[in-house]
Amino acid sequence: MTHNRAIAERFAQMADMLEIKGESIFRINAYRRAARAVEGLTEDVAALAARGELTNIPGIGKATAEKIVEFLRTGTMKAYDELAATLPPGLTTLMAVPEVGPKTALLLYEQLGITSLDALEAAAKAGRLRDLPRMGPKTEENILRGIAMVRRSAARRPLGVALPVAEALVATLRETREVDAIEVAGSLRRRKETVGDIDILVTSRSPERVMEAFVAAPPVAQVLSHGPTRSSVILDVGLQADVRVVEPASYGAALQYFTGSKEHNVALRERAVRRGLKLNEYGVWRTKDDRRIAGRDEAGVYNAVGLPWIPPELREDAGELEAAEAGRLPTLVTVEEIRGDLHVHTTWSDGASSAEAMATAAKALGYAYLCITDHSQSLKVAGGVSVEDLRAHAAVVRRLSDRLGIEVLMGTECDIGPDGALDYPDEVLDDLDVVIASVHTRFRMSRDEMTRRIVRALETGRVDILGHPTGRLLGARDPYEVDIERIVDAAARSGVALEINASPERLDLKDTDARLARERGVRLAVNTDAHAAAELRHMPLGISVARRAWAEAADVLNTLSPTALRAHLRGRRGARRRR
DNA sequence: GCCGTTTTCGGCCCGACTGTTTTCAGTCG
């Protein structure tokens, strides 16, 4: 997938540059669409190019396909370079500031020679923007605020931070009793791994009351706008939150509209137009007589354009409309279908709760099983367990099952050494129910070395699950360099499940990689990696990722019943012994 | 620049808000 990003980035940049130059909006949108198409691919664009299938990708035509081929062959894109040469470098970065679009960016450059955020900030602070046409003190202030927001790490927050904040806000609003229907919309409803703001949609007979309750809610740090049907605030965690009140007759259409994604909505509206319909946030209308035929509920909106309701997690214009049309939408896995957690830590390594406390908490969640997987011997910083202690713990664990009425399995989160070797002898691993293998050291290997290291571990035949496969920490540590396609293929060959680690800091694998794995027949395991009993509750975050990867229950290892899971694990060990 | 069961030419999603105007351009979602 190495080229996809670079090519998508160039197309997106070209769109911005063409927009500044006042090109046709349709040509600009074509580049934007091409950028998204390449970015959203689940395989390396080079493979598609080699098969001559580039123009099969919706949004890629003759011209963009040629540019892709050129880039793959030469590492450059002449059209991009020539276009960039006609504009001062840095100009497109101004467009990242809210309220600065192509027209304003060009104006800022032509009138004041501004091509960087720093220069823009200096000019705004000096009051030099207000004299430009169509600008005043208000705009200047907004631009300064916008620059601050851009600098605040693009202001996106991990799903695990935003979701509880949004849920608390919804609970607060519900208490006003003026609220009829209320739901979170936006990227949060689609469960994207990070969200830029919180969108909440409400129907109410007294909208003003709802708005007053909203702007006065405890987590509100600053009120940006406060109108009768719409208000925006900044919350103490730095996230923006918007609440909109709509008529009940439009609630479904508004929910659909504000859930997005933008790309999904554009595709859906194009579909509506082809059917002689018009779709907006108020409903679905027949073009010929302007009569509304749907809008009250979301399913009705989709039905009106001839589709079944599409789960929010799939709404990325990544094939879901075609699948819906063909009646092949997946039945997405739900958290209720999860029968147990296969990756948790205890006080035996770096966890905060005992094995018994973890098992008790797992039982309270309704799980049928829990697997204890403390760190292996060489990971001293996390209290790695010696072989001797591991055997003693196993004996304790086996007695827990009978006593607590939940099946407690014994496993390990076994370190993968720099050379790909596992951190316990084979016979020790063979005595465990579940072996998770993970990388915790030496992150900065070359891409090829890291890939071979992990593939080698998978090929030992003693690994059941590859833990947090890319090692990323959301907003804190980038994934290590690794060729995820080769890992997926190795996992497919050796029957290893790839983990979706539900820890709010990780969400690793990410959605698109998990989808790739699933499409190649690799099973996913959704685990919390809980280091305390309360963290077992992170499971829904991991399920969100699985759903965004189009996973059904059958794709997820820990939806298996205890019997089926045991049979699966025994089968793997049996195959090994027969070799 | 892309695309096609109305089309290989002529379309391409749509409305609200803001700040600046004095009727609307620009931006956003």
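Sequence lines set the chain letters: A, B, ... in the order given, protein chains first and strands last, and positions in each chain run from 1.
- In this structure B:dT8 sits in no base pair that meets the Watson-Crick or G-U test at under 3.5 Å.
- The backbone N or O of A:R190 sits nowhere less than 3.5 Å from a side-chain atom of A:S187 that would complete a donor-acceptor pair.
- Rounded to whole Å, the separation between the C1' atoms of B:dT23 and B:dG19 comes to 13 Å.
- Figure legend: cation-pi geometry between A:R10 and A:F71 absent, as NZ or CZ is not positioned both under 6.0 Å from the six-membered ring centre and within 45° of its axis.
- Looking at residues 8-32 of chain A, you'll see A:F26, A:R27, A:A30, A:Y31 sit with a heavy atom under 4.0 Å from some atom of DNA chain B.
- Proximity of A:T139 to the phosphate of B:dT18: no side-chain N or O atom is located under 4.0 Å from OP1 or OP2.
- Ion pairing between a basic and an acidic side chain is recognised when a charged N comes within 4.0 Å of a carboxylate O; A:E281 and A:R244 show no such pairing.
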| said: Strictly under 4.0 angstrom, non-hydrogen atoms only: write out the protein contact profile of nucleotides 24-29 of chain B, one letter per nucleotide from the 5' end, B, S or -. | reply: BBSSSB

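- Remark: P of B:dC14 and CD of A:Q256 are 14 Å apart, rounded to the nearest angstrom.
- With B:dG19, B:dC14, B:dT20 as the choices, the nucleotide that has an atom nearest any side-chain atom of A:P137 turns out to be B:dT20.
- For the P atoms, the distance linking B:dC17 with B:dG11 amounts to 31 Å, nearest Å.
- A salt bridge between A:E485 and A:R520 is present, with a side-chain N of the basic residue lying under 4.0 Å from a carboxylate O of the acidic one.
- For the C1' atoms, the distance from B:dG1 to B:dT5 is 24 Å, rounded to whole Å.
- In this structure, A:L132 places its CG atom 11 Å from P of B:dT20, rounding to the nearest Å.
- For the C1' atom pair drawn from B:dT20 and B:dT27, the interatomic distance equals 13 Å after rounding to whole Å.
- Backbone-only engagement by A:P58 is indicated by non-hydrogen atom pairs under 4.0 Å involving sugar-phosphate atoms exclusively.
- No side-chain heavy atom of A:L129 sits less than 4.5 Å from a side-chain heavy atom of A:T139.
- Side-chain atoms of A:R209 never come within 3.5 Å of backbone atoms of A:R177 as a donor-acceptor pair (strictly under, hydrogens ignored).
- Contact annotation: the side chain of A:T229 never approaches that of A:V246 to less than 4.5 Å [non-hydrogen atoms, C-beta and beyond].
- Contact annotation for A:G260: no contact, since no heavy-atom pair falls under 4.0 Å across all strands.
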| said: Evaluate A:K62 against A:E66 for salt bridge (Lys or Arg N to Asp or Glu O under 4.0 Å), listing each step before the verdict. | reply: CA-CA 6 Å; A:K62 187 161 170 285; A:E66 275 170 10; 3.7 Å; yes

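- B:dT21 and B:dG26: their P atoms are spaced 13 Å apart (whole Å).
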| Stepwise salt bridge (Lys or Arg N to Asp or Glu O under 4.0 Å) check, A:R472 with A:E193 | CA-CA 12 Å; A:R472 73 164 180 181; A:E193 64 188 31; 2.8 Å; yes

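- Rounded to the nearest Å, the gap between the P atom of B:dG15 and that of B:dG10 is 25 Å.
- At B:dC3, none of the side-chain N or O atoms of A:K62 fall inside 4.0 Å of OP1 or OP2 (strictly under the cut-off).
- B:dT7 and B:dC2 have their P atoms separated by 22 Å, with the value rounded to a whole Å.
- One finds a salt bridge joining A:R315 and A:E298 here, because a Lys/Arg side-chain nitrogen approaches an Asp/Glu carboxylate oxygen to under 4.0 Å.
- With rounding to whole Å, A:R130 atom CZ is found 10 Å from B:dT20 atom P.
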